[in-house]
Amino acid sequence: MSATISRTRIVAALAALVISTGVGRAVEQPFDQIQGGRYQAVLGDCAGCHTAPDGKPYAGGVALQTPFGTLVAPNITPDRETGIGAWSEEDFRRALKQGIGHGGERLYPAMPYTAYTKMTDSDVAALWAYFQTVEPVSNEVHSNQLPFPFNIRLLMAGWNWLNFTPGEFKADPKKSDQWNRGAYLVEGAGHCSVCHAPKSALGADKGAMTGTVLQGWFAPNITGNLHDGVGQWSADEIVAYLKTGIGRGSVGSGPMREVIENSTSKMNDADLKAIAAYLKDLPGGEGKGPAPVAKDSPAMQTGAKIYAVNCSACHNGDGSGQINLFPKLAGNSVVQQGDPTSLIHVVLAGSQGAATDAQPTTPAMPSLAWRLTDQQVADVLTYIRNSWGNAAPPVAPDAVGKLRDSSKGGS
Ligand code: HEC
Ligand code: HEC
Ligand code: HEC
């Protein structure tokens, strides 16, 4: 485990808890279980949603944009009135593994119980033990800010019936222990498919993690697909990406930046290797890209000129970038995704890579929205998607215009 945890702090927190709760609950949890639970919270990135940027840990308040409207992640500190202090361990387990709240209400799947259902009871018990040691914070959160009719929780019963099969992860005896550990982490606590799998009209995961648009970004194909997946990445490159935010010349930005900072950069190396082994083995489509756009087409010709003036100083004329500073665009799988949303976002709004212990200063890409028209952004992107051995569908100016209107204000 990379995050070092101070034994004295935990013991002190426990002592305080014994005093503050006084009666009732047994709080003598073995140290190892609490420490294990703290790591489960890292694996599940609970802080990513339940801790507000300047808020106390787990006191709630991050607004999540869902296809149905806004949901705010509640306070899950052990405060009795505004948190989960009055919950039993069984209530907690039910929320995580079945998506049922304290009063029996259905939780919205923005809380990724559809993935957490795969966690073992003992990992959830550890998580519960850890949450008993978190500082109780009084903070009333009104989760449900969805518009009618999505604000009706009962609808979730229908959604669950259609889309949700509760049940723990089952190891595949034909695969190695490492593969099974990777599958458990990716499908369970890591909830990677919540962002990386295409969605049905009701917002449920649909099939393999072949990529989907979210919040103005495209979460790419992370199956073993050889064209736009991670099939050509070595396991070490995947581990480096998840640990440091930089791997195979690609820099993790947008929503993935937060996942890396809060969660994957704090996972231990054995777990990261297991994730890499599992992803590389996942089937995800054909693995063959389209034929590249012809070099003498108008978009490629103007794109090359725009690139030379606006981009090559950092990314180099041959798209090779600079190790640990400027992403390599040649052979970059993000650049060659079928859907160019992330690329448009990066050029219009600029972007900052993940800050991790291993890579503390983060390189930044400037916003070029003021400098380039929709047509110019489209052309330069078509150019980088189809140069130096890259191949991907051309980018239309309309797609740039749409994002320009919706992404004012940067990332
Ligand atoms: C992607 C965002 C997200 C992540 C990650 C997440 N949660 Fe949640 N969680 C939510 C949202 C949103 C709700 C409110 C759902 C609702 O109101 O129906 C919620 C609800 C809950 C509840 C019910 C609280 C209540 O008052 O009803 C618990 C308990 C909980 N989460 C625990 C966790 C734990 C533990 C983790 C990490 C293993 C975690 N959550 C990770 C978004 C998230
Ligand atoms: C909150 C949404 C979200 C979650 C959860 C998430 N990802 Fe991502 N991921 C993204 C986005 C968006 C990108 C694209 C980042 C970019 O363009 O720089 C990405 C990029 C990646 C890449 C780089 C792919 C490439 O071709 O460059 C890998 C590998 C990856 N994610 C693995 C994971 C794994 C493993 C998990 C689960 C532990 C995970 N992601 C969970 C949104 C997410
Ligand atoms: C001042 C240096 C600089 C200039 C000029 C620049 N970039 Fe970047 N670019 C960066 C840095 C740093 C990043 C990594 C930041 C991130 O991804 O969050 C980046 C990221 C990217 C990415 C995302 C790659 C990935 O792996 O996620 C693309 C695509 C990109 N730039 C294209 C362009 C294009 C096209 C231009 C010209 C129109 C351009 N850049 C100009 C520095 C620059």
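Ligands are counted one by one from 1 in listed order, and the atoms in each one are counted from 1 as well.
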Asks: Is M111 close enough that one of its N/O/S atoms sits under 2.8 Å from atom 8 (Fe) of ligand 1?
Replies: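 Of the N, O and S atoms in M111, at least one lies under 2.8 Å from atom 8 (Fe) of ligand 1, which means yes.
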Asks: Tell me the protein N, O or S atoms under 2.8 Å from atom 8 (Fe) of ligand 2, in chain and number order.
Replies: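 Counting only protein N, O or S atoms under 2.8 Å from atom 8 (Fe) of ligand 2, the list reads H196 NE2, M256 SD.
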Asks: Could you tell me whether any N, O or S atom belonging to C49 is less than 2.8 Å from atom 8 (Fe) of ligand 1?
Replies: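 Checking atom 8 (Fe) of ligand 1 against C49, no N, O or S atom falls under 2.8 Å.
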Asks: When only distance counts, is N332 in polar contact with ligand 3, meaning an N/O pair under 3.5 Å?
Replies: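 Yes: some nitrogen or oxygen of N332 is under 3.5 Å from one in ligand 3.
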Asks: Below 4.0 Å, non-hydrogen atoms only: which portion of N221 touches ligand 2? Side chain, backbone, both or neither.
Replies: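 For N221, no heavy atom sits under 4.0 Å from ligand 2.
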Asks: Could you tell me the residue and atom name of the protein heavy atom closest to atom 22 (C) of ligand 2, and the distance to it rounded to 0.1 Å?
Replies: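 Protein heavy atom with the smallest distance to atom 22 (C) of ligand 2: Y241 CE2, 3.3 Å.
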Asks: Under 4.0 Å from ligand 1, counting heavy atoms only, is it the side chain of H102, its backbone, both or neither?
Replies: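 For H102, no heavy atom sits under 4.0 Å from ligand 1.
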Asks: Which bit of N75 is near ligand 1, meaning a heavy atom under 4.0 Å away: side chain, backbone, both or neither?
Replies: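 Neither part.
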Asks: Identify which protein N/O/S atoms are less than 2.8 Å from atom 8 (Fe) of ligand 3.
Replies: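 You should have found H315 NE2, M365 SD.
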Asks: At under 4.0 Å between heavy atoms, which part of L368 makes contact with ligand 3: side chain, backbone, both or neither?
Replies: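 The side chain, only.
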Asks: Any chance the side chains of T223 and N225 put a donor and an acceptor closer than 3.5 Å?
Replies: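 Checked: T223/N225 side chains show no N/O donor-acceptor pair below 3.5 Å.
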Asks: Using the test ring-ring contact (aromatic ring centres under 6.0 Å, His included), find all partners of W388 that sit at least two apart in sequence or belong to another chain.
Replies: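 With neighbours one apart ignored, the set is Y307, Y383.
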Asks: Could you list the residues that satisfy side chain to side chain contact (heavy atoms under 4.5 Å, CB included) with E258, not counting sequence neighbours?
Replies: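 Checked E258 against side chain to side chain contact (heavy atoms under 4.5 Å, CB included); matches are N262.
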